[in-house]
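See below for the structure under consideration.
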Amino acid sequence: METFLEHIGEFGPYQRRMFLLLSLPTIIVSMQKLAWVFLGARVDHRCRLWWEGENATFPLQEDIKNVSLPWDNKRNAYDQCHMWSNITLDPLTRPDDSQMLSCEAMVYDTSQYQSSAVIDYGLVCNDAWLRATVQSVYMVGMLVGSYLFGDLSDRYGRKPVFLSALLLMVVVGLGQAIIPEYYTFTIFRFVLGSSLQGVFLVAYVMALELVGKSWRVLVGVLAQAFYTVGYFTAAALAWGISSWRWLQVTMTLPAIFFIPYYWIIPESTRWLITKGRKDDARVILMKAAKVNKKEVSEDMMLKALVGPKAGKDAGRGNFFDLFRYPNLRRKTLNIFFNWFVNSGVYYGLSLNTGNLGGNAYLNFVISGAVELPAHALTILLLDRVGRRVPLCSFLVLGGLALLSTIFIPKGMSWLMITMAMCGKLCITASYAIIYVLTAEIFPTVVRNVGVGSSSMIARIGGALAPYINLLGDQWQPLPLIIFGSLSFAAGLLSLLLPETLGRRLPETIEDGENFGRGSLERDKVAMKENAEPLHADTESCLDIPFKQASDSGNIDESQIMIQSDKANHTTENKI
């Protein structure tokens, strides 16, 4: 297949057209993934006092607040969840025996957000944790969707699964905009998270399966630009649409335009070949050659239609093999912790933009914009410097940037935002690098298991991130300090991982145990004695089961496909 693509053009007009069409859904996915920043926006609130009606407005005169609302020393502001009892208006007094009571009804500040799921479902005070639960359940849905739709795409094809997930996304996306009750709404968020993974991951893999090996790294990064477009689009829509329900509808409806893909987008030729449907694959490949204005001989076509052969020990590894030997076990635990931190910090910072102070919409845009230089730096460094040093550097620098917020005086929101965005840039870059490093460190027989297990651990970090952000209600820098500490620790631990740039990758469990142990020369000898070269054709790497290699995650979680005869790699980023 690679020889065929080199002949007709590895990224010719046909592939560019299909890549554009398959990448457009990423904009919808990106908006939906981080829309909770606006859909569930945190708003200031206070108790509704006994003389106020249901249409009461948030502002109160200072003397009334002083008498009726307790002072919260932790927030250095009036208490949002309690009020004093027995307040009289004429004269305005509070008796000495007045008691502090919990609010029976709330008044919300709608000056910035006229509506929010927080307001409609009352997700404040003792129920504030329910706001974080919505996003955590959504992250669990992403985990389930990665496995479920990946498995289905391997069984029934990329295109039908993509379109099924797309229709499901439209139904639940519109449905959650009319749900009047919290728990049903949360279930819909779970299903939405699952369906989004089906839309994004399957389309992304289809796009990468179209291009030649020398273009996959660049194409993988270019796809992230569509994710950033979704960032900007979500902020613009949220700024112009005051109702969170209509905002959800507006973010979902454009997905309908992708339904005609049923007649436009072809099935993956690589999948068709692995399933023995060579006649269908032939038709698609001939069309690609025609659009690219290339002539294809029958001999070349027959070679392209030959399916990949399974490699040595393929499919024999399992999860417990990752912990069988001490060196491999240490590397596995180190990598798991790194994924946990990268995912937790990435989503924590992405969802925390509304808590940093300043303009929440501008913060959100900046949070997306910093991902562009992060990906550019990743491309420049990976094949020049290596994997381990950049990974450590980004994690440590990002951690220090976030930890520095502890010294920022209250009121300097611009400096808080700057440090948080520096941390976001660094964690975006490190997240991309850990994908590459993980796939190269685990031996072939457990590579799929290793990447899939790392993805599972990453989702745990993403699910915990909203609860860590809740701590910002007690002290604004606290979530950033926790994220910074984790990032700094992961950076230091990453130095214990072996460098993989220019190295022959491990195949067997024994190779994996020896990889990174002792001197570089001993490692090379061990690899030569025990390992055959991995499949020279990148097609064999694309044969890795989608359900095991897929990951969700920013940006932003995906597929890893490796050609290791020349230690080349392809990375699909997290989103």
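Treat the numbers as computed from the prediction; the structure is a model and nothing was measured.
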Can you check whether Y231 and F364 have ring centres sitting under 6.0 Å from each other?
yes

Identify, with sequence neighbours excluded, every residue that meets disulfide bond (SG atoms under 2.5 Å apart) alongside C103.
C47

Residues which pass ring-ring contact (aromatic ring centres under 6.0 Å, His included) with Y467, listed by chain and number, not counting sequence neighbours
none

So F38 and Y113, would you call those rings parallel, tilted or perpendicular, with 30° and 60° as cut-offs?
tilted

Distance col, row I433:CD1 vs T378:OG1, nearest 0.5 angstrom, shows 5.0 Å

Residues forming a ring-ring contact (aromatic ring centres under 6.0 Å, His included) with Y78, sequence neighbours excluded:
W71

Set of disulfide bond (SG atoms under 2.5 Å apart) partners for C426, sequence neighbours left out:
none

Can you pull the salt bridge (Lys or Arg N to Asp or Glu O under 4.0 Å) pairs that have at least one residue in residues 417-434, sequence neighbours excluded?
E371-K424

For D120, check salt bridge (Lys or Arg N to Asp or Glu O under 4.0 Å) against everything at least two apart and list the hits.
R245

What closest approach, in Å, do A132 and L470 show between heavy atoms, and which atom pair accounts for it?
CB-CD1, 3.8 Å

According to ring pair (Phe, Tyr, Trp, His ring centres under 6.0 Å), does anything in residues 121-145 pair up with another residue at least two apart or in another chain? List the pairs.
Y121-F185

Qualifying residues under salt bridge (Lys or Arg N to Asp or Glu O under 4.0 Å), relative to R189, sequence neighbours excluded
none

Just grab all the disulfide bond (SG atoms under 2.5 Å apart) pairs involving residues 115-208, residues at least two apart or on different chains.
C81-C125

Identify the two heavy atoms, one from L196 and one from Q32, that lie closest to each other, and give their separation to 0.1 Å.
CD1-CB, 3.4 Å

Would you call the rings of F336 and F323 parallel, tilted or perpendicular, where under 30° means parallel and over 60° means perpendicular?
perpendicular

If you round to the nearest 0.5 Å, how far is CG of L377 from CG of L372?
11.0 Å

According to salt bridge (Lys or Arg N to Asp or Glu O under 4.0 Å), does anything in residues 474-485 pair up with another residue at least two apart or in another chain? List the pairs.
none

Among residues two or more places apart or on two chains, list those pairs meeting side-chain hydrogen bond (donor to acceptor under 3.5 Å, both in side chains) that have a residue in residues 477-494.
none

Measure the spacing between CD1 of I441 and CG of L497 and express it to the nearest 0.5 Å.
4.5 Å

Strictly by salt bridge (Lys or Arg N to Asp or Glu O under 4.0 Å), give each pair with a member in residues 480-490 just once, sequence neighbours left out.
none

Rounded to the nearest 0.5 Å, the NE2 atom of H82 sits from the CG atom of L69 at a distance of 11.5 Å

Which of parallel (below 30°), tilted (30 to 60°) and perpendicular (above 60°) describes W339 and Y431?
perpendicular

Value for CG (L237) from OG1 (T250), rounded to nearest 0.5 Å, stands at 6.5 Å

Indicate yes or no for a side-chain donor-acceptor contact from S367 to the backbone of S350 under 3.5 Å, with no hydrogens or angles considered.
no

